[in-house]
Amino acid sequence: MSILTLLVASLLAAPILYLLAKFNTKIAYGAYAALQVFSFIYVFFTGRSNVSYEVIGITERLNFNFGITPTNWFFASIVLLIISMSAIFMFPLKKSPVKIFLLALVSAGTLGAVFSQDFLTLMIFWEISTWASLILIIQDKEKSPREAIKYVTIASIGTYSMLFAIFYMLDKLGSIDFSTVATRIESATVEVQLVILISLGVMVLAKMGVFPLHIWLRGSHSSAPDEFSPILSGALTKIGAFLLFTITAALPSFRIFSQLPVFNGIPMVNYTFALLGGISIVVGTVMAIRMEDAKELIAFSTVSNSGYIVMALSIGGTYATAGGLMHVLNHAMASAAMFMAIAAVAYRTGTTKMHEMGGLILKMPVTFATYLVAIISVAGIPPTSGFVSKWLIYQQLVQNGLPFLAFAAFFGSIGSFMYVFKPLAGIFLGQLKPQHRNLKEVPLVMVVPMAILTLLTVFWGMLPSNAIKTINAVTASVGINAVEVTFSRIVALTGEWDSILVTTVFAIGFFISLFIFMRAKKARQVDLMDNYTAGDFLYTSELYHFSYRMYRPFDRLFEKWPSMEDWLSSLSDKIKELGALLKAIFYPANPQLYIGLAMVAIIGTFWWLR
Amino acid sequence: MNNEQTAWERVANMLRARSLWMLYYCTGCGAIELPPTMTARFDMERFGIGPMATPRQADILLVTGYLSTKTLRRVIYSYEQMQAPKYIVGFGSCTINGGIYYDSYATINRLDLYVPVDLYLAGCMPRPEAIVNGFKNLMDKIDQGEATGWKDYEANYEWYRKNQIDALGEVYIHDEFHE
Amino acid sequence: MIITILSAIALLILAFAYTVTLEGIARKIEARIHRRCGPPFWQNFIDIFKSLTKHSISHGFIFDFGVLMALGGTIATVLFIPAGNLVVFPGLDNVFVIIYLLAIGLLGMAMSAVGSGNPNASIGIGRALTQMLGYELPFMIVLLGVFFHFRTSSLSELAVLQNSGGTYNVLIMPIGAVVGFVSLMGMLGKKPFDTFIAPAEIASGPLVEYSGKYLGLLMTQHAFGTFIEIGLFVNLFLGGGKTIWEFLLKFFLVYFLAVIISSIMPRFRVEQAVKFYWKWPLILSFIQVVIVVFIMGRRV
């Protein structure tokens, strides 16, 4: 058994599962989940230590190169963890044969992409999963096709750019696999290096949803089927991080561009990418705060967190690389957990609009806990794993002295309190809607994956050294210094972080307050309807739930800001107008004239190319 | 009523007497006397008395002046939202006997039929000096454990309830806009 | 171990007693500015203990849990603040850790308040979080300059370095210190940045449903929070203290300044506050950090 067998098996699984689902969807979904869990376990436990490569030859110069290196293993474990958890999670939701076919294709493509050792293999498998996910997005909801067009447009910008990079590499360097390119690119001219890395970088920006190619995330994440959003946000965007890590750390862009202008120890190209990451942090945060739909909000938080990853990996250096990789792990788990929690809520209530819900905490306690831990991680509050990555990124920002990037990082971090709190308040806290009085917690099958992700988040928050050691192995394989860790401490430039101590101190503080709380007179339990109303009487609880436009004053600050979507849609209107004009002028009434015009065009072209 | 206090209660009462947070129910004209009482001239804060925004936090419910049947309902609701130990101060003569509009169909004439009043400040209006003096008396009463209106209300709840319903009548439509 | 525990207890008691006393003194100072007499300086102790003796209501699990989380998180944070030579965890008192640990308290408070189901509380929390985005940004950017200059973010080390260097940060980075102070006013929720607890407008915002012991615990939490915030400023910009007394004196001076400024100020609307923070303090903080990074460089 090898990676290749696994890959072939999961590719073949797609049509088989489709046929199986024609007979019985339950068995097909079960088989899919079993396959995903198996591949996660297999990859996680066997791929850790051994480094191996496998090649399938197609033509003389064109091979599919796969391999397990620490980098591949790291990204593959994360992606497969998310996919396998979602595969279990989706069991009670709406099933269809087409969906399972596409889901299997997505997972097979993802698996191939994260184990690839050359750019073409990466791109081909990546495209398999992208196109499958594209069709998967439009399965459930009404508005989806329009959003899918946005996705396809942005994705194709990235794809063509990467395709161009691949041909360019074949032409100038004669090879497309990672290791050969890494050795040959250093001796190439600056123009060649710039063209290759920037066009690969465009692919990264497009697929991770980083400014200026971020507009597809809102629509496609929110209109995708609820069970697919965790995979889309937690797994598929992380392949972009894989490519980015390859070009910044494995190629590595630092050494290559060191002769270009260097800004605070960062080459100009890397700095530009980091700046784009910073802009997308700010844009994602501001937009997330203004959303009213929980899934759209998390989609924009994905924009912001992708910005963090791009920023950290582009800055490079010991701490930012480790922090960026850690953030890949954190954000994969946290965003998958958030999307799962919202999917669970939507499964019971049938809506994802925050102001249409409220007070679900006692009805869905596990979902609440999942969401709470996930947002604590996204906001970077200890003791969850989210703190560690942000902390490491800050260390690098301090070390290099980067105030403008730091502005973006701090903005995203503090702004994330605002946007993650909004669904918490809107959906889980506050007044319960009368129509939700009889809700129950979601079935156990949905609870288990949410609980696993939550526990993992807390585990790596309490013992980040465990994750950092793995990441050190990854960074060591590309020649970056390791972050110094002991069992409970991480030592960085500006200080130490002792997760066990901080957790203990927090627990002690909690028990001190619990002691005072218990000593004082016991409180009388009252209903949420028994509330201060300035003396007025309360009958309709849903009118007393404040969640719609919770940050209205903040919205007002940003109302006049230029919106990229408006700009693009007016541009498309203009193009349509131009088309209408051309049609009015040139579109002939009868076919003879049409053929005549075509002939003239062909002759003209022929004459010009002669 | 039993005035025996344990040592713990004595300490608690001492604290309660020195930190009184008021919620004022300013429906009547009496509220106009409060700003001078609170600000530089008479400075209520030196006794630890201060305004609070909500009934949950407050110790004293200050009913300043007239109550109609409509506002009495709110007073009772606010009083029941307050947390014991809680005290009511009836401010001005209208809370005692209905004042000059005593014969109106909508005027509540005697406040202590409906809620337990711990202290009345008589006068129309009581001057700030009278208010400060009244509060000093209330503080002494609390200190000695004599301000037990809230216990009284719990003990004789049926009686108060009956009076309240007699005065207010029943409410038929229950929604946000009617009551 | 024993010494750590003893100094932790000492620090907690000191933080509680000193800050609550200062809050009482602040009321006295404010009264004097209004030409009043003002309450005795121990008034805030009476208020807290009285609240703990009162009856209270609870709106359910999250209402209780949030309060405990708020106080627990804040108590944990206090232990990382060095007070002169009273340092509980030397080397671990990283500023990023302190700021994020403080956020546990904030999150707990926010959950609990919104869990009460009162829209006034939600409005207050919304405002508090919005304002936080305003004041934290310039503050953190100034901090970046400080850490870059000293190559450490450990508070006790920063204090020692300033003392051994002979000058305080307030002299090395005066613009940053001013920005830090303005941000501190926002952190403390002093006027003009107290819109999230506006009592007359949204019925004291997050605190609207708290009664009895809940209010007492939150007042304690507020006192600890004040200690942390001013302690941060004193250690970062005024060199902490060689002894505990020096620290307490500087602490008093900073608090005094904040109180007298706040007592003559009206209140900003929340978007005005955010706009203000994103205009002058942010620009000044960028100027300061650019000076530090590109002109002054690192400390040798």
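Keep in mind that what you see is a predicted model, and the values were worked out from it rather than measured.
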Part of [X] lying under 4.5 Å from any heavy atom of chain B:
X        : result
C:Glu209 : both
C:Phe49  : both
C:Leu215 : side chain

Q. Just by distance, with hydrogens left out, do B:Thr71 and B:Ser68 show a side-chain donor and acceptor under 3.5 Å apart?
A.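 Side-chain D/A pair, B:Thr71 to B:Ser68: present.
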Q) Between C:Arg127 and C:Thr195, do the side chains contain an N or O donor and an N or O acceptor separated by less than 3.5 Å? A)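 A pair is found: one side chain offers a donor N or O, the other an acceptor, under 3.5 Å apart.
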Is [Y] paired with [X] through a side-chain N to carboxylate O contact shorter than 4.0 Å?
X        : Y        : value
C:Arg35  : B:Asp43  : no
B:Lys136 : B:Asp140 : no
C:Arg27  : C:Asp47  : yes

Q. What part of B:Thr54 gets closer than 4.5 Å to chain C, counting heavy atoms only: side chain, backbone, both or neither?
A.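 It is the side chain, since no backbone atom gets that close.
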Q: Quick one: do B:Tyr157 and B:Tyr153 satisfy ring-ring contact (aromatic ring centres under 6.0 Å, His included)? Show the steps, please.
A: CA-CA 5 Å; B:Tyr157 184 71; B:Tyr153 189 69; 5.5 Å; yes
**Q.** Leading residue by heavy atom contact count with chain C [cutoff under 4.5 Å; candidates B:Met44, B:Arg16, B:Met52]
**A.**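 Looking at each of B:Met44, B:Arg16, B:Met52 in turn, B:Arg16 comes out on top.
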Q: For chain C, find which of B:Thr39, B:Val11, B:Asp59 contributes the most heavy-atom pairs closer than 4.5 angstrom.
A: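 Option with the top pair count is B:Asp59.
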(Q) I'd like to know whether the aromatic ring centres of B:Tyr66 and B:Tyr101 sit less than 6.0 Å apart in this structure. (A)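 They qualify: ring centres under 6.0 Å apart.
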Q.
Please report whether the ring centroid of C:Phe251 lies less than 6.0 Å from that of C:Phe227.
A.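 That pair passes the under 6.0 Å test.
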**Q.** Toward chain C: residues of residues 78-98 of chain B with heavy atoms under 4.5 Å
**A.**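 Listed by number: B:Gln83, B:Ala84, B:Pro85.
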(Q) For a 4.5 angstrom cut-off between non-hydrogen side-chain atoms, does B:Leu138 reach B:Ile60? (A)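 A side-chain contact exists here, since the closest heavy-atom pair is under 4.5 Å.
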Q: Find the one option among C:Asn120, C:Leu52, C:Thr53, C:Ile202 whose heavy-atom pairs under 4.5 Å with chain B are most numerous.
A: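 Highest number of heavy-atom pairs under 4.5 Å: C:Thr53.
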